[in-house]
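What follows is one structure encoded as C-alpha cells, with my remarks underneath.
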Amino acid sequence: APLGVEAALRTFDAEMPKRGWAVVPQLTTKVPGARGYRRGDVEVIVSAHANGEAARVSVIEMGVMPARESARTAPEVR
C-alpha cells in the first residue's frame, strides 16, 4: 500500500539518523510537510505532499555548507 504524507515523513525521521544524518530543527519544526537533515557539511531538505492516496516525496540537496569552525577560520576573500 502507498504511504501517506505522515507515514513517509515518519520513515525519514526513523531512517535518516540511523544513517548518520542529524535533524535540522529550524526547518523540521517550522515547515509543515518538510524535514531538514545535515551530515558533515551537507544539508538536505525532504518535502512530502499528498499525491492521491500516496505521498510525493522530494529530496533536495542544499549543497556543501561550510562547517561553523572552518567558516570562522577561513581567510577573507578580497
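These values consider heavy atoms only, across backbone and side chains, with no hydrogens, waters or symmetry-generated copies. Start at 1 with the first residue, then count along the sequence.
The side-chain contact (heavy atoms from CB on, under 4.5 Å) test applied to R39 returns W21, not counting sequence neighbours. Every side chain to side chain donor-acceptor pair (under 3.5 Å) that K18 has, sequence neighbours left out, goes to E15. Scanning for side-chain contact (heavy atoms from CB on, under 4.5 Å) contacts around V5 gives L9, A48, A50, A55, with sequence neighbours left out. In this structure D13 satisfies the side chain to side chain donor-acceptor pair (under 3.5 Å) test together with R35, Y37, sequence neighbours excluded. In this view, A54 and P2 satisfy the side-chain contact (heavy atoms from CB on, under 4.5 Å) rule, not counting sequence neighbours.
Note on F12 and V24: separate hydrophobic clusters, where clusters join Ile, Leu, Val, Met, Phe, Trp and Tyr whose side-chain heavy atoms are under 4.5 Å apart, directly or indirectly.
Within the 4.5 Å cutoff, the side chain of V46 has heavy atoms near those of the V57 side chain. Between M62 and V44 the shortest side-chain heavy-atom distance does not fall below 4.5 Å.
The NE2 atom of H49 lies 10.5 Å from the CG atom of N51; values are rounded to the nearest 0.5 Å.
At distances below 3.5 Å, at least one donor-acceptor pair connects side-chain atoms of R38 with backbone N or O atoms of G40.
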